[in-house]
Amino acid sequence: MPELPEVETTRRGIAPLVEGKTIVSVVTRVVGLRWPFPPHLGAILAGRTIYTVERRAKYLLLRCDGGTLILHLGMTGHLRVVSPRVPPGCHDHVDLVFADGSCLRFNDSRRFGALLWTSDDPALHPLLAGLGPEPFDEAMSGERLYRLSRGRKNAVKPYIMDQRILVGVGNIYASEALFRAGIDPARAAGRVGLVRYRRLTAAIREVLDAAIAAGGTTIRDFSDSEGRPGYFAIQLQVYGRTGEPCLHCGEAIRQRRLGQRSTYFCRFCQH
DNA sequence: CAACGGACCTGCCTGC
DNA sequence: TGCAGGCAGGTCCGTT
């Protein structure tokens, strides 16, 4: 999936194409993704207008009259706006069909994505209620990372990927930010000092900001809402570069597993 | 609580 | 060529 920059790129891509549109019907081709779709989804959504497309963490919020559609792209989700007459391809699981003859099509091969409906404030939804601050929010700071990490023994990399601490940092950008901040990803979160957490905060922002500006990184199969791939849009300095030279010192980039996720680092530049 | 492993899925790549 | 095994951008849930 999409980490935060890819979700934000998707949001910017679809917002002008779906805001103000009225849903006339919903086509589902599977019973659900990560969870079953809400029962009577078509009846719930028909006639509603999408006012805005917002993002909270890696969730997209399609705010409608009377409620909000909550989408998560999981690992492999894509959204595109097409004509409903375009034949659906493999893993095109859901179409929201609009009154003007276009539709928002949700493709997700691994089906780790989600589509939920709430008539309440989405911020209060159980999946969103416990999320930490956005990386660019002033509530996210080196002080926060330092304070919440005291006494914690798990590695700093899974710590910054914990969406309760801050949102938006996934597996790629965690390795990238820790490299830029010079912090060993395996170091216990509770043994990283305030100065280094300030540096890490800046590195997280730099990496995410560069990726958003480039229209989403990434590798492999990410594409934006018009199907344009984001490949090589930004230069990854460590992720996926096992055995290749560190861009700072030339030593071979190493790979290890932390919290069941591949982690890339330079053992000379990171401590 | 915090931390960890398993689970959910499909596709792609590697190596035998 | 075929097949088993491992790995992939996420995150919830149950168990220690």
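So that the names make sense, note that chain A is the first sequence line, chain B the second, and so on, each numbered from 1. Just the heavy atoms: all of them, side chains too, but no hydrogens, waters or symmetry mates, feed the values below. All figures in this text were calculated on a predicted structure; none of them were measured in a lab.
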Under 4.0 Å, counting only non-hydrogen atoms across every strand here, what does A/Y59 touch: a base, just sugar-phosphate, or nothing? sugar-phosphate
B/dA2, OP1 or OP2 - any side-chain N/O from A/K153 closer than 4.0 Å? no
A/F179 ring center near A/H248 ring center (under 6.0 Å): yes
Choose from C/dG9, C/dC12, B/dA2 the nucleotide whose nearest atom is closest to any side-chain atom of A/R152. B/dA2
Scan A/L127 against the nucleic acid and name what it touches under 4.0 Å (heavy atoms): base, sugar-phosphate only, or nothing. sugar-phosphate
Distance, P atom - from C/dG6 to B/dG6, rounded to whole angstrom: 13 Å
When rounded to the nearest 0.5 Å, the distance separating CG of A/L79 from CG of A/L104 is 5.0 Å
Any donor-acceptor pair, under 3.5 Å, between the side chain of A/R111 and the base of B/dT10, if you only look at N and O atoms? no
Would you kindly give the CG-to-C1' distance between A/L258 and C/dA8, to the nearest whole Å? 17 Å
Can you check the distance between C/dC7 and B/dG5, where both ends of the measurement are the P atom (answer in whole Å)? 14 Å
For a side-chain contact (heavy atoms from CB on, under 4.5 Å) with A/V94, tell me which candidate from A/D108, A/V26, A/V27 qualifies. A/V26
Looking only at side-chain N and O atoms, does A/N154 come under 4.0 Å of OP1 or OP2 in B/dA2? no
Looking only at the side chain of A/N171 (C-beta and beyond, no hydrogens), which of the listed nucleotides C/dG9, C/dA8, C/dC12 gets closest? C/dG9
Symbol by symbol from the 5' end, with Watson-Crick or G-U pairs under 3.5 Å, [ ] crossing and | another strand, DNA chain C is .|||||||.|||||||
Would A/R48 and A/D65 satisfy salt bridge (Lys or Arg N to Asp or Glu O under 4.0 Å), going step by step from the backbone distance to the final call? CA-CA 6 Å; A/R48 292 190 198 265; A/D65 51 315; 5.0 Å; no
If I take atom CZ in residue A/R261 and atom P in nucleotide C/dC12, what distance separates them, rounded to the nearest angstrom? 13 Å
Using OP1 and OP2 only, check whether a side-chain N or O of A/R164 sits under 4.0 Å from C/dT11. no
Between C/dT11 (P) and A/E3 (CD): distance, integer Å: 9 Å
Under the criterion of centre distance below 5.5 Å and interplanar angle below 30°, is A/F112 classified as stacked on the base of B/dC9? no
For the pair made of NE2 in A/H78 and C1' in B/dT10, what is the distance, rounded to whole Å? 12 Å
Just to confirm, is there a sub-4.0 Å distance from OP1 or OP2 of B/dC9 to any side-chain nitrogen or oxygen of A/H91? no
Provide the distance between the two P atoms, one in B/dC9 and one in C/dG14, to the nearest whole Å. 16 Å
Considering only heavy atoms and no angle criterion, is a donor-acceptor pair shorter than 3.5 Å present between the side chain of A/R110 and the base of C/dA8? yes
Let's see if you can work this out: which of C/dT11, B/dC4, C/dC12 has an atom nearest to the side-chain heavy atoms of A/Q260? B/dC4
A/R257 side-chain N/O to C/dA8 phosphate OP1/OP2 under 4.0 Å: yes
Solution key, residues 184-192 of chain A side-chain donor-acceptor pairs under 3.5 Å, sequence neighbours excluded:
unit_1	atom_1	unit_2	atom_2	d
A/D184	OD1	A/A186	N	2.9
A/R187	NE	A/H271	O	3.4
A/R187	NH1	A/R191	O	3.0

Tell me whether the side-chain N/O atoms of A/S262 come closer than 4.0 Å to OP1 or OP2 in C/dA8. yes
So does A/H72 get a side-chain nitrogen or oxygen closer than 4.0 Å to the phosphate oxygens (OP1/OP2) of C/dG10? no
Using a strict 4.0 Å threshold on nitrogen-to-oxygen distance, state whether A/R63 and A/E54 make a salt bridge. yes
Gap between atom CG of A/D92 and atom CZ of A/R80 - 0.5 Å precision: 8.5 Å
Would a 4.5 Å heavy-atom cut-off, applied to side chains only, mark A/M161 and A/L258 as touching? no
